[in-house]
> 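Pasting a structure here, questions to come.
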Amino acid sequence: MKKKLLSLLLAMCFAFSLAACGSSDSTSGTSDSDTSTATAAETSAAAEEDSASGAVDGTITLGMIGPMTGSLAVYGTHVANGVNLAIEQINAAGGVTVGDETYELAVESKDDQGDSTECLNAMNALISDGIELVIGSATSGCTSSITSVANSEGVVLVTPSGTADALTTEMDYVFRTCFKDSFQGELAAQYAADEGYTKVGIVYCSADTYSAGLRDAFTAAAGELGLEIVAEESVATMTEVDYTNQFTKMVEAGAELVFVPFYYDVTGPYLVPQARSVGFDGILLGADGVDNTETTIPDGADLSVYNDFLFVNHYSTELATSDISISFVESYEESYGETPNNFDALGYDAVLVLKQAIESCGAFDADSVQAALADTSVVYEVSTGTFSFDDTGTPIKTGVLMGYSYTEGDDAVTKIAVTTLSLD
């Protein structure tokens, strides 16, 4: 990269000027002070080169961006949990091998607060610090604000959970460890068709990248599968608190299943109970943003309304069967005292993918790592399964169907795994 070359040239020039000024004998040789000055300059240049690549004193520092505060903080904190666990395990096992050298991993985290402007500021701050390998962000809206910067600056960006299709459209510097919206929209429609539903509805946010993209994918797949969309309603923001009018229309239209691509912070306290309150007793089917709904259910709520609330997801501990998946769950529970969710797993996987790419190319600069990740023949074995990247940097993988269940007398709803989902 140009900035690295410039730094190296400046260091060399500085070394030359110091050596020339320090020479008191014009007739022969190089003085001891010349030698020590040149050595110091060479060391400085090497340190500058390592720093520009995100490595200092034997440590490769990754960047991480996510909502650590705000209404979507559950996403960011769980991604961070997965990232930190992966780094701890890698370092404990000896670190990352690059040629004949071994490096430890570290992470510099930035809070985007779930806001696109804050996310862009965070990305620029990491680049200013010389970091070339970044994990983030957790949401599609925030991630879309930094993809162009990643490409223009030549910084590898791996989003663990940004699912909007447009985030990775060609094999550039942007990758992800999750599947994309069009895929999970298709999975949702396929599930509806497989279960024999014929009349479906949609309630979504027309102004949100994530929600609108899922709506588009579900609609396209529904048409191909012979599903009749009997009603479609939208809201203006992802923080809407009143869905009664939209679901009254779903009931009037006779919808048997309604696709609801929202986030957990509205499904728990507002969308689900309001849908039931106006008489919709069919299936509510969401996508991966629904995960963690159980954390936003109000105290004293009628928990029975969350039955038949399902969602497409990336990962389920109940359906995890590989050695690495089982090991991840056990390690996570030991470290954090709770069962991991898909955001934990996808953040964990982002680190594993970067480690494998670094070791395979024998370097940790962005250009080398990008080239390694762009090899679609490479297979990654991670906590959420086994996959290869397609030619846009998106994993080719399966999904799972999860949901919520409540039995009378229980103190809380239970999150359950229903089945593995595939388009095959």
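What you see is a predicted model, and the numbers here were worked out from it, not measured in a lab.
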> Quickly, which of T143, T139, D288, D181 forms a side chain to side chain donor-acceptor pair (under 3.5 Å) with Y210? Name it, please.
D288
> Cut-off 3.5 Å, side chains only: do D291 and Y264 have a donor facing an acceptor?
no
> To the nearest 0.5 Å, tell me how far C178 SG sits from H314 NE2.
5.0 Å
> Side-chain contact, heavy-atom cut-off 4.5 Å: V329 with P340?
yes
> Can the ring centres of Y263 and Y75 be said to be less than 6.0 Å apart?
yes
> Give the C-alpha distance, both sets of side-chain angles, the deciding distance and a yes or no for side chain to side chain contact (heavy atoms under 4.5 Å, CB included) between V272 and L284.
CA-CA 8 Å; V272 175; L284 291 167; 4.1 Å; yes
> If I compare all heavy atoms of M238 with all of C205, which pair ends up nearest, and what's the gap?
SD-CB, 3.4 Å
> Taking C-beta and beyond as the side chain, do F259 and L214 meet within less than 4.5 Å on heavy atoms?
yes
> Is the shortest heavy-atom distance from the side chain of F328 to the side chain of L352 under 4.5 Å?
no
> Distance alone, cut at 3.5 Å: any donor-acceptor contact between the side chains of T376 and D391?
no
> Can you give me the closest heavy-atom contact between V158 and A350, atom names plus distance?
CG1-CB, 4.0 Å
> Does T419 reach the side chain of V400, with side-chain heavy atoms less than 4.5 Å apart?
no
> Going through the distances and angles, do Q89 and Y348 end up as a side chain to side chain donor-acceptor pair (under 3.5 Å)?
CA-CA 10 Å; Q89 291 181 336; Y348 183 89; 2.5 Å; yes
> Main chain of A73, side chain of Q113: is a donor-acceptor contact present, judged purely on distance under 3.5 Å?
no
> Could you measure the distance from the CZ atom of F343 to the CG atom of N81? Nearest 0.5 Å is fine.
12.5 Å
> Using only atom types and a distance under 3.5 Å, with no angle test, would you say the side chain of Y404 pairs donor to acceptor with the backbone of T293?
yes
> May I have the step-by-step check of side chain to side chain contact (heavy atoms under 4.5 Å, CB included) for Y191 and L310, ending in yes or no?
CA-CA 11 Å; Y191 166 77; L310 308 176; 3.3 Å; yes
> Answer yes if the side chains of E88 and N84 hold a donor-acceptor pair under 3.5 Å, and no otherwise.
no
> Taking all atoms of both residues into account, what is the closest heavy-atom pair of M64 and S109, and its distance?
CE-OG, 3.0 Å
> Do the non-hydrogen side-chain atoms of S360 and V378 ever get within less than 4.5 Å of each other?
no
> So, for Y243 and F262, is the gap between ring centers shorter than 6.0 Å?
yes
> Between the side chains of D216 and T219, does any donor sit under 3.5 Å from an acceptor?
no
> Any heavy-atom pair between the side chains of V149 and V155 that's under 4.5 Å?
no
> Give the intermediate values and the outcome of side chain to side chain contact (heavy atoms under 4.5 Å, CB included) for residues L285 and V258.
CA-CA 6 Å; L285 179 59; V258 178; over 6 Å; no
> A side-chain contact here means heavy atoms from C-beta on lying under 4.5 Å apart; do V174 and T168 qualify?
yes
> In Å and rounded to the nearest 0.5 Å, what is the CD1 to CG distance from I131 to L126?
5.0 Å
> Between the side chain of R176 and the main-chain N/O of T163, is any donor-acceptor distance below 3.5 Å?
yes
> Measure from the side-chain N and O atoms of D112 to the backbone N and O of I65, and report whether any donor-acceptor pair falls under 3.5 Å.
no
> Y103 vs F364 aromatic rings, parallel, tilted or perpendicular, using cut-offs 30° and 60°?
perpendicular
> Show your reasoning for whether side chain to side chain contact (heavy atoms under 4.5 Å, CB included) applies to N313 and L401.
CA-CA 6 Å; N313 209 3; L401 184 70; over 6 Å; no
> Please check if any side-chain donor atom of D57 sits under 3.5 Å from a side-chain acceptor atom of T59, or the reverse.
no
> Can you check whether F218 and Y204 have ring centres sitting under 6.0 Å from each other?
no
> With a 3.5 Å distance limit and no angle check, can you tell me whether Q184 reaches the backbone of A287 through a side-chain donor-acceptor pair?
no
> Does atom CG (D323) have a neighbourhood of more than 12 heavy atoms from anything else shown, all under 6.0 Å?
no
> Tell me whether the count of non-hydrogen atoms from other residues, nucleotides or ligands lying under 6.0 Å of CD in E333 goes above 12.
yes
> So does A366 get a backbone contact from the side chain of E132, meaning a donor-acceptor N/O pair under 3.5 Å?
yes
> What are the two closest non-hydrogen atoms of V418 and G403, and how far apart are they?
CG2-N, 4.5 Å
> Does the distance from a Lys or Arg side-chain N to an Asp or Glu carboxylate O, for E118 and K110, drop under 4.0 Å?
no
> Do S322 side-chain atoms and S325 backbone N/O form a donor-acceptor pair below 3.5 Å?
yes
> Measure up the F387 and F389 rings against each other and bin them: parallel (under 30°), tilted (30 to 60°), perpendicular (over 60°).
perpendicular
> Testing D265, N342, T267, N341 for side chain to side chain donor-acceptor pair (under 3.5 Å) with N292, which one passes?
N341
> Side chain of Y306, backbone of G268: donor and acceptor closer than 3.5 Å?
yes
> Has the side chain of E240 got a donor or acceptor atom that lies under 3.5 Å from a matching backbone atom of D242?
yes
> Which heavy-atom pair separates S182 from D165 by the least distance, and what is that distance?
OG-OD2, 2.7 Å
> Restricting to non-hydrogen atoms, name the atom on S116 and the atom on S145 that form the minimum distance, rounded to 0.1 Å.
O-OG, 3.2 Å
> Would you confirm whether T102, through its side chain, and G95, through its main-chain N or O, come within 3.5 Å as a donor-acceptor pair?
no
> Can you spot which of V312, L423, L225, L421 makes a side chain to side chain contact (heavy atoms under 4.5 Å, CB included) with E186?
L423
> Find out whether Y332 and D344 are in side-chain contact, i.e. whether some heavy atom of one side chain is under 4.5 Å from a heavy atom of the other.
yes
